[in-house]
Amino acid sequence: MSAKKKAEILEKLRDLSRTLPVLVPAVVKAVHESDSTCTIEIDELEFKARLNAAEGSEKGFILLPEVGSWILAGRLDETGDYYQVLAFTSVTKITLNKGQNGGLVIVSDLVSRLNKIEQDINSLKQVFSTWTPVTQDGGAALKVASATWMAQQLTQTTASDIEDDKIVH
């Protein structure tokens with residue numbers, strides 16, 4: 001390979017290395033959920049860092065780091081003024097595609113609520129299976145048999161009973 005060709009390759013490698021991100025550890029100083037960015041500190045200087053791949057986009061997969069935690073940031077411009085958060089030590093919230101559908105279901109809490117409903121239905125089935133109709137009582141025997149079941153009211157489930165609001169989709 002000629003010296004000229006080697007020099008050209010070296011120059012192309014230098015150009016490429018200027019465009020590659022520089023990875024640096026940083027501390028999260030503030031999180032700005034509204035625009036999917038955070039303020040980070042590197043060597044006692046503060047910079048803005050975006051939390052998702054496209055600036056200004058609310059869609060996608062966004063991890064919100066905990067203030068005071070360490071992150072790994074990649075430099076996005078040659079001046080070193082703008083960064084992308086790449087890795088997290090601690091996350092406070094995960095948002096998928098704007099989070100408009102609310103939090104994910106906590107399965108164990110949902111199963112517990114479903115079990116209460118199933119137990120209530122089974123109690124009603126027990127009332128009917130043991131009830132014996134009495135001629136000409138106008139349903140009084142059924143009313144007596146079901147009185148205990150009717151007195152036990154179910155509490156209505158709310159989203160907060162079964163929702164993990166730290167992971168929204």
Side-chain angles (χ1 to χ4, degrees), residues 21 23-42 46-76 82-169:
L23 303 179
V24 293
V27 175
V28 177
K29 301 307 277 184
V31 176
H32 316 288
E33 188 172 358
S34 61
D35 67 351
S36 300
T37 64
C38 66
T39 302
I40 60 173
E41 183 180 283
I42 303 168
E46 289 189 356
F47 300 94
K48 181 178 182 180
R50 65 186 192 201
L51 298 170
N52 60 350
E55 183 175 6
S57 175
E58 296 174 353
K59 288 188 173 184
F61 182 72
I62 301 170
L63 300 171
L64 298 178
E66 183 176 357
V67 173
S69 67
W70 284 91
I71 54 99
L72 185 61
R75 186 184 72 199
L76 294 176
Y82 203 59
Y83 291 85
Q84 169 77 44
V85 178
L86 302 172
F88 303 79
T89 57
S90 183
V91 175
T92 60
K93 186 175 181 182
I94 299 171
T95 303
L96 305 171
N97 294 326
K98 297 184 182 182
Q100 62 212 19
N101 294 322
L104 293 182
V105 172
I106 301 170
V107 174
S108 59
D109 292 347
L110 177 60
V111 168
S112 176
R113 301 298 299 184
L114 290 172
N115 284 341
K116 286 181 182 182
I117 294 168
E118 292 164 345
Q119 289 167 356
D120 193 59
I121 292 170
N122 287 335
S123 295
L124 182 59
K125 285 180 176 183
Q126 182 66 28
V127 166
F128 278 105
S129 69
T130 58
W131 167 60
T132 304
V134 176
T135 308
Q136 306 272 331
D137 81 342
L142 178 58
K143 189 172 183 179
V144 169
S146 62
T148 303
W149 172 80
M150 287 188 295
Q152 298 173 352
Q153 296 292 310
L154 292 176
T155 305
Q156 288 190 338
T157 303
T158 63
S160 64
D161 292 333
I162 59 171
E163 177 183 44
D164 182 352
D165 62 355
K166 302 291 185 229
I167 304 174
V168 296
H169 73 289

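Computed from a predicted structure; not experimentally measured. Hydrogens, waters and symmetry mates are skipped; everything else that's a heavy atom, side chains included, is used.
Ser36 contributes no side-chain N or O that, together with a main-chain N or O of Leu51, makes up a donor-acceptor pair within less than 3.5 Å. Checking side-chain atoms of Arg50 against main-chain N and O of Ala53 turns up a donor-acceptor pair under 3.5 Å. Judged by distance alone, the side chain of Asn122 and the main-chain N or O of Glu118 form a donor-acceptor pair under 3.5 Å. Between the side chain of Ser112 and the main chain of Ser108, no donor-acceptor pair closer than 3.5 Å is present.
Between Val27 and Trp70, the closest side-chain pair of non-hydrogen atoms falls below 4.5 Å. You'll find the side chain of Glu66 stays beyond 4.5 Å of the side chain of Val28, heavy atoms only. Taking the side chain as every heavy atom from C-beta outward, Ile62 and Leu64 approach each other to under 4.5 Å. The shortest side-chain heavy-atom distance between Ile162 and Ile106 does not fall under the 4.5 Å cut-off. For the pair Arg75/Val24, no side-chain contact is recorded, criterion being any heavy-atom separation below 4.5 Å from C-beta on.
Atoms CG and CZ, from Asp109 and Arg113 in turn, are 9.5 Å apart once rounded to the nearest 0.5 Å. For the atom pair CG (Leu110) and CD (Glu163), the distance works out to 12.0 Å, reported to the nearest 0.5 Å. Residue Ile117 holds its CD1 atom at 5.5 Å from CG of Leu114, rounded to the nearest 0.5 Å. Separation of atoms CD (Gln100) and OG1 (Thr95) is listed at 11.0 Å; rounding is to 0.5 Å. Interatomic distance, CG of Leu72 versus OG1 of Thr89, reported as 10.5 Å (0.5 Å rounding). Rounding to the nearest 0.5 Å gives a distance of 5.0 Å between OG1 of Thr37 and NZ of Lys48.
Using modelled atom types and a 3.5 Å distance limit, the side chains of Asp161 and Thr158 yield a donor-acceptor pair.
Considering all non-hydrogen atoms of both residues, Ile42 and Pro25 come closest at CG1-O, 4.2 Å. Scanning both residues, Ala141 and Val134, for their nearest heavy atoms gives CB-CG2, 3.7 Å.
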